[in-house]
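Contents: one structure, followed by commentary.
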Amino acid sequence: MAQTSGNPIFEGWYADPEGVVFGKEYWIYPTFSAKYTDQVFLDAFSSKDLVNWEKHSRVLDTSIVKWAKQAIWAPAAIEKDGKYFLFFSANDVQRPGGPMWDTENDINHYGGIGIAVAESPSGPFRDYLEKPLVSDFYNDAQPIDQFVFKDVDGTHYFFYGGWSHCNMGILNDDFTGFIPFEDGEIFKEITPEGYVEGPLMFLRNNTYYLMWSEGGWTNDTYKVAYAMGNSPRGPFKRIGTILEADRSIATGAGHNSVIQVPGTDDWYMIYHRRPIPNLDRDHRVVCIDKMEFNADGTIKNIIMTFDGVAPQLISTSKK
């Protein structure tokens, strides 16, 4: 039997994995799944074949990002002009007067989405702006769970949002802010039906796919749904659920990312799930399974496995 990655694909409690291809390597940047006060760093993992993963410890932490105190979440990574940008959420920022606002604990009074930058995917990273990129609440979306999508024309679209609201913006050329829309707004709300958090976008055969997570992240209602559109700006109408709990394998499957093997039509879903038996609220692990499409472009249901996937090298002939 051929060697496979197995699921989970690496040891440790991790969640919200961002899978991306840099050069001839696959990279995963996950959340360290623990109490908020212990979520003070990000690890990264790299692989040449999707099966054997090397850990890169603490590529980012609160000694690097001075304004981030805890709850460093849901990284997103992209390369631009030879630099590697790592977007992240921090501090679980709250709105004054909201249900989680605590006048005695000011850590979550300031924070949001930040950016780190490095010359290599493994770092060393530095705080790019030395302040959050997004700290305010637009359209009632908590500034967490960001994703950056580069369109074919070079435009970098920025998707984010918790609290069941999804916003879209357009990053400026140096990633220091946003290009306003024609009406002057910085962000447009594009929330599809059922959306809770964890947006991402990819392009296949001239169709734009928007994915997101639904349900509650602490339990087995967590799942992944998607929509299809002709533009990264939508509109996006929910098509259906493609990843959810399977009590013969795991529960709480969600907050995914997608990897395409360059030069092929081979696609993989990277996601977290809750092993059975589950040991804790934060007992989440990172897994990988194949993602396949129907003839009309819709996505087949993801089959969760314990085997994971077979080795998949990135060919030097693939562009």
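Just so you know, residue 1 is the first one in the sequence shown, and it goes up from there. Source: prediction; values computed, not measured.
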Sequence neighbours excluded and cut-off under 3.5 Å, please list the side-chain donor-acceptor pairs for residues 222-231, or say none.
residue	atom	partner	partner atom	Å
Tyr222	OH	Glu197	OE2	2.4
Tyr226	OH	Ile299	N	2.9
Ser231	OG	Arg233	N	3.0

What residue pairs, at least two apart or across chains, pass ring pair (Phe, Tyr, Trp, His ring centres under 6.0 Å) with a residue in residues 57-81?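 Pairs touching residues 57-81 that pass the test: Tyr36-Trp73, Trp67-Phe88.
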Return the set of residues passing ring pair (Phe, Tyr, Trp, His ring centres under 6.0 Å) with [X] (not counting sequence neighbours), or none when no residue passes.
X      : answer
Trp217 : none
Phe175 : Phe85, Phe87, His156
Tyr84  : Phe22
Tyr271 : none

Kindly say whether [Y] contributes a backbone atom to a donor-acceptor pair with the side chain of [X] at under 3.5 angstrom?
X      : Y      : value
Thr241 : Leu243 : no
His272 : Asp16  : yes
Glu18  : Ala77  : yes

Can we say [X] and [Y] salt-bridge, meaning some charged N sits less than 4.0 Å from an Asp/Glu carboxylate O?
X      : Y      : value
Arg58  : Asp43  : no
Arg274 : Asp280 : no
Lys48  : Glu54  : no

Kindly compute the distance separating [atom1] ([X]) from [atom2] ([Y]), expressed to the nearest 0.5 Å.
X      : Y      : atom1 : atom2 : result
Met211 : His255 : CE    : NE2   : 13.0 Å
Ile288 : Ser257 : CD1   : OG    : 8.5 Å
Ile186 : Phe158 : CD1   : CZ    : 12.5 Å
Glu79  : Lys83  : CD    : NZ    : 10.5 Å
Leu203 : Gln260 : CG    : CD    : 9.0 Å

Distance only, no hydrogens: is a donor on one side chain within 3.5 Å (strictly under) of an acceptor on the other, for [X] and [Y]?
X      : Y      : value
Asn91  : Gln70  : no
Ser33  : Thr31  : no
Thr4   : Asp307 : no
Asp92  : Gln142 : yes
Asp151 : Thr155 : no
Asp49  : Asn52  : yes

Please name all residues satisfying side-chain hydrogen bond (donor to acceptor under 3.5 Å, both in side chains) with [X], sequence neighbours left out, ordered by chain then number.
X      : value
Trp267 : Asp265
Ser213 : none
Lys80  : Asp173
Thr251 : none

Report yes if the distance between the aromatic ring centroids of [X] and [Y] is under 6.0 Å, otherwise no.
X      : Y      : result
Phe45  : Tyr14  : yes
Phe178 : Phe187 : yes
Phe149 : Phe147 : no

Would you please classify the geometry between the Phe293 ring and the Phe202 ring as parallel, tilted or perpendicular, with 30° and 60° separating the classes?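 Phe202 and Phe293: perpendicular rings.
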With under 30° as parallel and over 60° as perpendicular, where do the rings of Phe10 and Trp53 fit, or are they tilted in between?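 Rings of Phe10 and Trp53: perpendicular, as their planes differ by over 60°.
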Of all residues at least two apart in sequence or in a different chain, which pass the salt bridge (Lys or Arg N to Asp or Glu O under 4.0 Å) check with Glu130?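 Expected list: none.
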Please name the pair of heavy atoms, one in Ile144 and one in Tyr160, separated by the smallest distance, quoted to 0.1 Å.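 So the two residues come closest at O-CB, 3.5 Å.
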Cation-aromatic face contact Lys150/Tyr157, 6.0 Å, 45 degrees: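 Because its charged atom misses either the 6.0 Å distance or the 45° angle limit, Lys150 does not stack over Tyr157.
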Run Glu214 and Tyr195 through side-chain contact (heavy atoms from CB on, under 4.5 Å) and show every step you take. CA-CA 6 Å; Glu214 301 178 352; Tyr195 176 92; 5.9 Å; no
State which residue, out of Ile314, Ile270, Val51, Val20, fulfils the side chain to side chain contact (heavy atoms under 4.5 Å, CB included) condition with Tyr26.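 Exactly one pass, corresponding to Ile314.
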Could you go through residues 133-141 and list every donor-acceptor pair under 3.5 Å that involves a side-chain atom there, pairing it with any protein atom two or more places apart or in another chain?
residue	atom	partner	partner atom	Å
Asn139	ND2	Asn167	OD1	2.9
Asp140	OD1	Arg95	NH1	3.2
Asp140	OD1	Arg95	NH2	3.3

